[in-house]
Amino acid sequence: MSRLTFAASILLAVSSSSYAQQASFVANDTGPAPELIFETKDAAVVTAGLAPLSKADLRKGDREVRIWYSGFGNPQYLVIIRQNGANVTGRLMLWWDQYYESTPSSADVRVDNFVRRNFDCGPISKRDSHFGEDRWISSTCEAKLKGAPDWKAFLSEAEAHALPQSTAASADDQTDDQNWGITVERKSGANYGVSHYRTALSFAAPEPGRGPKLQDMMNALAASAKHAPVVAQH
């Protein structure tokens with residue numbers, strides 16, 4: 001069993017247990033960037049109709065920050081914030097991977113159903129993605145957030161806890177647990193940087209005051225896209 005397939009089995013174990021319809025798929029993806037940490041993240045942004053931030057062309061004066069939160073449950077969260085001068089906009093994407101062994105139509109759809117039942121989000125986009133021996137359906141949808149988030153304040157708070165780091169991670173950092181936790185990408189012009197922080201749910205100890213804080217911010221934002229619980233009538 002490959003590393004990603006093993007990870008998928010963990011994610012499915014904590015997701016919903018219901019089944020539903022087969023989905024239609026976009027043409028095969030040749031796979032995300034080779035860097036370990038972006039193996040499935042790059043596939044997710046391509047599924048959402050975007051380019052990986054490291055390869056994206058930004059307009060002059062534009063800046064973009066992407067904050068990824070990957071935990072042991074599905075869906076995963078991606079916040080995309082764009083800044084041009086004083087204008088700051090953002091959105092929350094939900095994303096998850098559904099691994100399969102034979103054909104795309106055999107991929108598990110329990111997470112699809114879980115997302116539809118528990119989150120208010122737009123249409124689910126899907127893409128058949130390959131990387132090495134791994135085969136999975138990359139799925140994304142844009143969350144419909146309640147109210148109007150203060151994206152400028154969110155960005156400021158996030159950057160207060162996510163310090164810039166070099167784009168080149170050390171050899172000691174290139175471990176499987178980098179698929180879990182908080183990953184922050186930043187791009188302004190041709191300048192690109194990425195940093196990674198462990199959270200309270202990572203295999204190793206969390207980054208004091210950084211990973212857990214960013215984790216709380218992402219969870220709070222995602223909570224505003226959840227459906228209100230149904231109260232049983234007696």
Side-chain angles (χ1 to χ4, degrees), residues 1-12 14-15 22-58 64-81 91-112 114-116 119 121-143 167 169 174-187 192 194-196 218 222:
M1 179 183 290
S2 69
R3 172 177 56 78
L4 284 177
T5 305
F6 171 74
S9 66
I10 297 176
L11 294 174
L12 283 173
V14 295
S15 299
Q22 297 296 325
S24 58
F25 306 102
V26 183
N28 282 3
D29 184 13
T30 56
E35 292 83 356
L36 176 64
I37 197 170
F38 287 104
E39 192 168 325
T40 57
K41 292 179 176 65
D42 280 357
V45 294
V46 171
T47 302
L50 304 171
L53 189 55
S54 61
K55 303 173 183 177
D57 293 323
L58 302 184
E64 185 166 324
V65 176
R66 296 181 184 177
I67 307 171
W68 301 82
Y69 174 30
S70 300
F72 288 112
N74 270 314
Q76 315 290 303
Y77 305 142
L78 165 62
V79 168
I80 302 175
I81 300 178
R91 55 179 172 154
L92 171 66
M93 306 296 297
L94 310 180
W95 65 285
W96 59 99
D97 303 319
Q98 299 153 304
Y99 292 80
Y100 65 88
E101 294 184 1
S102 55
T103 63
S105 61
S106 67
D108 201 306
V109 296
R110 285 177 289 179
V111 179
D112 294 20
F114 177 83
V115 169
R116 290 188 179 99
F119 290 88
C121 70
I124 295 176
S125 299
K126 290 181 170 291
R127 188 179 182 88
D128 184 19
S129 300
H130 301 166
F131 189 84
E133 65 183 34
D134 294 303
R135 302 289 184 270
W136 74 96
I137 301 302
S138 177
S139 303
T140 66
C141 68
E142 182 171 353
T167 57
Q174 293 298 326
T175 56
D176 281 359
D177 71 331
Q178 283 218 11
N179 286 289
W180 316 104
I182 300 288
T183 301
V184 181
E185 298 181 273
R186 310 167 186 80
K187 188 163 192 179
Y192 172 79
V194 60
S195 54
H196 183 79
M218 297 287 279

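The model shown is predicted, which means the values in this text are computed figures rather than measured ones.
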Taking all atoms of both residues into account, what is the closest heavy-atom pair of T103 and S106, and its distance?
-> O-OG, 2.6 Å
Do V194 and F38 come within less than 4.5 Å of each other through their side chains, counting heavy atoms only?
-> yes
Taking the side chain as C-beta and beyond, is there a heavy-atom pair between F119 and P75 under 4.5 Å?
-> yes
Inspect the contact between K55 and D42 and indicate whether a charged nitrogen and a carboxylate oxygen are less than 4.0 angstrom apart.
-> no
Side-chain touch D112/R110, heavy atoms, less than 4.5 angstrom | no
Straight-line distance of R127 CZ to W136 CH2, nearest 0.5 Å | 11.0 Å
Can S195 and R186 be said to form a side chain to side chain contact (heavy atoms under 4.5 Å, CB included), step by step?
-> CA-CA 9 Å; S195 54; R186 310 167 186 80; 3.4 Å; yes
Are any of the side-chain heavy atoms of L78 and V45 separated by less than 4.5 Å?
-> yes
Taking the side chain as C-beta and beyond, is there a heavy-atom pair between V79 and Y77 under 4.5 Å?
-> no
Sub-4.5 Å side-chain heavy-atom contact between D128 and I137 = yes
Check whether any side-chain heavy atom of W96 sits under 4.5 Å from a side-chain heavy atom of C141, and report yes or no.
-> yes
Is a side-chain N or O of K41 found less than 3.5 angstrom from the main chain of W68, in a donor-acceptor match?
-> no
Please step through side chain to side chain contact (heavy atoms under 4.5 Å, CB included) for the pair N74 and F114, ending with a clear verdict.
-> CA-CA 9 Å; N74 270 314; F114 177 83; 5.9 Å; no
Taking atom types as modelled, find out whether S54 and E185 have a side-chain donor-acceptor pair closer than 3.5 angstrom.
-> no
Say whether, by atom type as modelled, one donor and one acceptor occur between the side chain of E133 and the main chain of H130 under 3.5 angstrom.
-> no
Say whether, by atom type as modelled, one donor and one acceptor occur between the side chain of H196 and the main chain of I182 under 3.5 angstrom.
-> yes
Are the side chain of E142 and the backbone N or O of C121 linked by a donor-acceptor pair below 3.5 Å?
-> no
Check the pair S125 / W95 against side chain to side chain contact (heavy atoms under 4.5 Å, CB included), numbers first and verdict last.
-> CA-CA 9 Å; S125 299; W95 65 285; over 6 Å; no
Heavy-atom nearest pair, K187 first then L53, reads CD-O, 3.1 Å
Applying the side-chain contact (heavy atoms from CB on, under 4.5 Å) test to R66, which of L50, T183, V184 qualifies?
-> L50
Measure from the side-chain N and O atoms of Q98 to the backbone N and O of D108, and report whether any donor-acceptor pair falls under 3.5 Å.
-> yes
Distance, nearest 0.5 Å, that separates CZ of R135 from OH of Y99 | 12.0 Å
